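Single-structure report; data block below.
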Amino acid sequence: MPRPRYFTTPIYYVNDRPHIGHCYTTLVADVAARAARLIDGPKADVFFLTGTDEHAEKVVTSAAEHGMPPIEWADLNAQRFKDAFAFMGFSHDDFIRTTEDRHKTRAAALIADLMDKGAIELGDYEGWYDPSQEEYLTETVAKENDFKSPVTGRPLEKRTEQNYFFDLPAHEDWLRAQIESDAIRILPEARKNEVLGRIKQGLNRVPVSRRIKDDDPAPEGWGVTMPGDPEHRVYVWIEALCNYITAIDTPERAHYWPNSSGGDPLQPGGAGQSQVTHFMAKDIIWFHAVIWPAMLHAMGRPAPSTVYAHAYWIAEGQKMSKSLGNFIEIDQLRAYADKFSLDAVRWYLMTQGPLGATDSDFAHSRFVEVYNADLANGIGNSTSRVSNMIDKYFGGRVANFDPSVPVEIETEHAFVEVELTNHPTHFAQWVRESVEGCDNCNLASSLRLGITIVERVDQFISDTRPFSIAKKREGDARIESQLAMILFYSAEMLRIASLFLYPAMPEKMADLWRRWNCDHLNDPADHNSGFKAPLAELAQFGDGGYSLKPGQKITKGDALFMRADPKEDPPSA
RNA sequence: GGCGAGGUAGCUCAGCUGGCUAGAGCGGAGGAUUCAUAACCCUCAGGUCGGGAGUUCAAGUCUCCCCCUCGCCA
């Protein structure tokens, strides 16, 4: 049995409008989840979670501004995320909202557990309070604003109040050891250094609650109150982190968190144990790589295996910001998808995106370049030329050939035999590379393998020149067999290339499989229907159970990706 | 101010523990070809590897100084 794998995105602040940032993080998780399901095949045990974080005070005030109860406002906005994610073709298994009872009750239980274990205690909180906004500011923000309210300019007050604190410093040594040894793997590497550097500077207690104000605008039951102390509400950040557990705290799902029963509970990723990967943007790595693992440790639960923090998208060379109003929102991605196809958008984001530590630019000219190079001129054109030749020369069917007749190419001096015997070995190697890439979250390089194979197909066709051979095949069984073999090889290589490309482009690849009449999927019409076999078996070249067979129909269809004109204006939302 | 990352071809970046004429992809130029989506294939980049000094038989690759960019923290 393949080991269980659990992929998460952060739960998104429900007041936000879905934009490229939310979509990107979720896309990365989607591609990781799809790749895992493909690699592990029909027995894959993958759970992919996303959702929304809804208990922030601003949600209550925004709702009031819109003249509706907070939950209605949250419903409305959460739906926007659901719609956006459905549009993006994400394959999440669940969408959790922190306002749901299943979350609230379990989050409260987790906090209670921490209190029972003495990890959370009451203490004094001293900070800079902005009376006009009724909120505390961090030391940094306070200082930056010269200890005046950033909104009204009035002086801040130093205030003290009682709060509950999580004893983070108690876990310092453990955290450092876990992170240094990669027991908790922080990726990319640069982020790991950053986190370790910050831990070395010393850890502070983390406030986990806020006293509920007398004039609290939130309705009864909003948020999660501190167990045994209804005067305090659990700080949204702490409550939000709990979603990774609350969503899977059912008998069927519990195994997605590594359990304590088998061996050392604090050694995640032991054999058979679930592999947990949290994806997020770099701004919230501290919560996920330090506070959350420490909370889990305090509860006696294993930590996540991998915390992956990608960098940001910028737009046409400019940082995206509220003041500039240049966020690339879901509508703009929709406009690109309308023009270039959704899978093209997914491909661009995945292969050009900020998976590493540095930011990436979403530039229209770049989009078109990548679209043309990889998709239109790459997999699109190659599919087209291969299916066209099979149609033209063999009536649209994979033809029989005699494997003992070698394929030869004509050089200036002689006919040279083409080396084909290594093909199966090459593909087996690529499968290994792809699996390894996914394990290390090198999703982009794993996807690139598909394009590498397409390039091989184009080269192979140039070398063997089936279109020239076709002209002199009449009555020559040897040449006929060579032609059949070349096209079989080409089509078979494309079939395998498409498997590598699938996690990013599920719709288009399923389309290709329908044209090729391949039966990789349980339901050929549904790219989410699951695979009939693990990748290694599906990607077996030439004589595998899923390889193309003589007589198999290959349908010549419309262009998979039509070439785009770089001079055209960007699509607008 | 503290810690960290980085400055390599027009663009995006590879170059691990120092070693032959510094690489890839994209864009651009030329050629060849015609099965294909003006596509594919082949060839072409003469880039002071941020600047300076040093160590070494040998340095993008190590040391020191300087300049610049960017993170995280205070």
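Every heavy atom of this structure was used, including side-chain atoms; hydrogens, water molecules and symmetry mates were not. On a predicted model such as this, the values are computed, not experimentally measured, just so you know.
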**OP:** May I ask you to verify if any side-chain N or O of A:Lys282 is less than 4.0 angstrom from the OP1 or OP2 atom of B:A5?
**Re:** no

Given B:C13, is OP1 or OP2 found less than 4.0 Å from the side-chain N or O atoms of A:Gln352? no

Does [X] reach a base, just sugar-phosphate, or nothing at all? Heavy atoms under 4.0 Å.
X: A:Ala376; answer: base
X: A:Lys471; answer: sugar-phosphate
X: A:Phe561; answer: base
X: A:Leu560; answer: base
X: A:Arg448; answer: nothing

Atom [atom1] of [X] to atom [atom2] of [N]: distance rounded to whole Å?
X: A:Arg515; N: B:A36; atom1: CZ; atom2: C1'; result: 13 Å
X: A:Leu375; N: B:A39; atom1: CG; atom2: C1'; result: 14 Å
X: A:Asn381; N: B:A39; atom1: CG; atom2: P; result: 10 Å
X: A:Glu189; N: B:G4; atom1: CD; atom2: C1'; result: 13 Å
X: A:Ile291; N: B:C73; atom1: CD1; atom2: C1'; result: 14 Å
X: A:Asp565; N: B:U37; atom1: CG; atom2: P; result: 17 Å
X: A:Glu180; N: B:G4; atom1: CD; atom2: P; result: 14 Å
X: A:Lys192; N: B:C3; atom1: NZ; atom2: C1'; result: 17 Å

Has the side chain of [X] got a donor or acceptor atom that lies under 3.5 Å from a matching backbone atom of [Y]?
X: A:Ser498; Y: A:Arg495; result: yes
X: A:Gln162; Y: A:Tyr125; result: no
X: A:Asp565; Y: A:Lys567; result: yes
X: A:Lys553; Y: A:Asn517; result: no
X: A:Arg346; Y: A:Met88; result: yes

Taking a pair as Watson-Crick or G-U wobble with both distances under 3.5 Å, which nucleotide is matched to [N]?
N: B:A9; value: none
N: B:G1; value: B:C73
N: B:G18; value: none
N: B:A59; value: none
N: B:A45; value: none
N: B:C64; value: B:G52

Closest non-hydrogen atoms of A:Leu342 and A:Gly89, given as atom of the first, atom of the second and distance, are CD2-N, 4.1 Å

Rounded [atom1] spacing from [N] to [M] in Å:
N: B:G46; M: B:U8; atom1: C1'; answer: 15 Å
N: B:G7; M: B:G50; atom1: P; answer: 7 Å
N: B:G10; M: B:C73; atom1: C1'; answer: 37 Å
N: B:G19; M: B:A59; atom1: P; answer: 11 Å
N: B:A9; M: B:A45; atom1: P; answer: 15 Å
N: B:G23; M: B:U34; atom1: C1'; answer: 32 Å
N: B:G4; M: B:G60; atom1: P; answer: 26 Å
N: B:U17; M: B:U61; atom1: P; answer: 12 Å

When you get a sec, tell me which of [options] is the closest nucleotide to the side chain of [X]?
X: A:Asn193; options: B:G2, B:G4, B:A39; answer: B:G4
X: A:Gln201; options: B:C40, B:C73, B:A36; answer: B:C73
X: A:Ala559; options: B:U34, B:A36, B:U37; answer: B:U37
X: A:Gln459; options: B:C42, B:C40, B:A36; answer: B:C42
X: A:Arg465; options: B:U34, B:A39, B:C35; answer: B:U34
X: A:Ser462; options: B:C35, B:C41, B:G71; answer: B:C41
X: A:Lys319; options: B:G71, B:C26, B:C13; answer: B:G71
X: A:Arg198; options: B:U37, B:C72, B:C13; answer: B:C72
X: A:Glu194; options: B:G2, B:C26, B:G71; answer: B:G71

Assign each of A:Met389 and A:Glu455 the nucleotide of RNA chain B bearing its closest heavy atom; nearer the 5' end lies the nucleotide of A:Met389

Residue pair A:Val386/A:Gly197 against RNA chain B: nearer the 5' end by closest nucleotide is A:Gly197

Relative to the ring of [Y], is the ring of [X] parallel (under 30°), tilted (30 to 60°) or perpendicular (over 60°)?
X: A:Phe561; Y: A:Tyr371; answer: perpendicular
X: A:Tyr348; Y: A:Phe367; answer: tilted
X: A:Phe287; Y: A:Trp237; answer: parallel

Classified by glycosidic angle (syn within 90° of 0, else anti), B:G15 comes out anti

- Message: Can you confirm whether A:His426 sits close enough to A:Arg456 that some side-chain heavy atom of one is under 4.5 Å from a side-chain heavy atom of the other?
- Response: yes

Considering only nitrogen or oxygen atoms on both sides, find all protein atoms under 3.5 Å from nucleotides 27-29 of chain B and state each distance.
none

I'd like to know whether CG of A:Asp558 has more than 12 heavy-atom contacts from other residues, nucleotides or ligands below 6.0 angstrom. no

